[in-house]
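Just so you know, these numbers use all the heavy atoms, side chains as well, and skip hydrogens, waters and symmetry mates. Quick caveat: nothing in here was measured; it's all calculated off a predicted structure.
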Amino acid sequence: MINPIRTLSTIEYFPDGRPWQETLLARPDCDAVETAIRRMDNHWYPIVVLSKLDVDAATEDENGFHIIGGNGRYALFEHMGGWQYANPTGSEADAELWSSDQGYFCQEKNIADLALTLRLARIFFETGSYEALDQFLNHFFSSPGESP
């Protein structure tokens with residue numbers, strides 16, 4: 001099966017104060033995506049983006065699948081609005097991710113754990129579809145006790 005993801009983007013910050021750096025990987029495999037997500041630490045490696053386009057920067061794809069955070073707390077969303085992960089029973093308390101720069105602000109209901117993040121990333125990797133994510137989440141949240 002040919003996956004629709006053409007570019008994997010990761011953002012790295014440096015302890016010595018150098019400007020952040022974006023690394024692009026063309027035609028990533030699923031292992032590369034999982035490795036990038038597992039490396040996320042909310043500070044030095046806070047951002048991963050999956051794009052269905054050949055891009056020179058993650059921000060070029062308005063429909064890119066963004067993952068921000070790390071250390072077991074991740075926000076997942078479509079770059080220019082539209083889709084955003086939300087747990088329907090989650091808290092509306094403010095949440096902040098990405099501690100090395102401007103940060104990312106959302107609500108606690110928009111935070112997924114690592115297992116769910118990896119599952120959602122795999123679904124997007126395989127389908128490139130926000131509708132497929134919604135279908136999975138509708139089933140997931142209607143089946144209590146099911147693991148990702």
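Hydrophobic clustering, with ILVMFWY side chains joined whenever heavy atoms are under 4.5 angstrom apart, groups V48 together with Y130. Tracing side-chain contacts under 4.5 Å through hydrophobic residues (I, L, V, M, F, W, Y), one never reaches Y45 starting from Y74; they form parts of separate clusters. In the hydrophobic clustering of this structure, L25 groups with V33; members are Ile, Leu, Val, Met, Phe, Trp, Tyr whose side-chain heavy atoms approach within less than 4.5 Å, directly or through other members. Note on I37: it does not cluster hydrophobically with V49, by side-chain heavy-atom contacts below 4.5 Å among ILVMFWY residues. F105 and L97 are not part of a single hydrophobic cluster, where members link through side-chain heavy atoms under 4.5 Å apart.
Each of I11, L8, T10 was evaluated against T23; a single residue qualifies, T10, per the side chain to side chain contact (heavy atoms under 4.5 Å, CB included) test. When each of N3, L76, L50 is paired with F124, the side chain to side chain contact (heavy atoms under 4.5 Å, CB included) condition holds for L50 and for no other.
Salt-bridge check for R73 with E96: failed, with every basic side-chain N at 4.0 Å or more from each acidic carboxylate O.
With E108 contributing its side chain and S91 its backbone, the two residues share no donor-acceptor pair below 3.5 Å.
When all heavy atoms are compared, the tightest approach of A132 to I123 is CB-CG2, 3.9 Å. Listed here is the closest heavy atom pair of G128 and P4: N-CG, 3.4 Å. Counting all heavy atoms, side chain and backbone alike, P46 lies closest to H43 at CD-O, 3.5 Å. Nearest heavy-atom pair, F14 versus W44, reported as atom, atom and distance to 0.1 Å: C-CZ3, 3.3 Å. Closest non-hydrogen pair, A32 versus P28, comes out as CB-CB, 4.3 Å.
How far CZ of F140 is from CG of L116: 5.0 Å, rounded to the nearest 0.5 Å. Atom CH2 of W20 sits about 11.0 Å away from atom OG of S100, to the nearest 0.5 Å. To the nearest 0.5 Å, the span separating CG on L137 from CD on Q135 amounts to 10.5 Å.
The stretch residues 28-37 participates, sequence neighbours left out, in these side-chain hydrogen bond (donor to acceptor under 3.5 Å, both in side chains) pairs: E34-R38.
Side-chain atoms of N87 and F141, non-hydrogen and from C-beta on, do get closer than 4.5 Å to each other. Side-chain contact check for Q84 versus E78: every heavy-atom pair is 4.5 Å or farther apart. Under the 4.5 Å side-chain criterion, counting only non-hydrogen atoms from C-beta, L53 is not in contact with T7. Side-chain contact between Y85 and L133 is absent, with no heavy atoms from C-beta onward closer than 4.5 Å.
Classified by interplanar angle (parallel below 30°, tilted 30° to 60°, perpendicular above 60°), the ring pair Y13/W98 is tilted.
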For residues 57-72, please give each side-chain donor-acceptor pair under 3.5 Å, one per line with the distance, not counting sequence neighbours.
| unit_1 | atom_1 | unit_2 | atom_2 | d |
| --- | --- | --- | --- | --- |
| E60 | OE1 | D56 | N | 3.1 |
| D61 | OD1 | N63 | N | 2.9 |
| D61 | OD1 | G64 | N | 3.4 |
| D61 | OD2 | S51 | OG | 2.6 |
| H66 | NE2 | H79 | ND1 | 3.1 |
| N71 | ND2 | D41 | O | 2.9 |

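Scanning for side-chain contact (heavy atoms from CB on, under 4.5 Å) contacts around E92 gives Q107, K109, with sequence neighbours left out.
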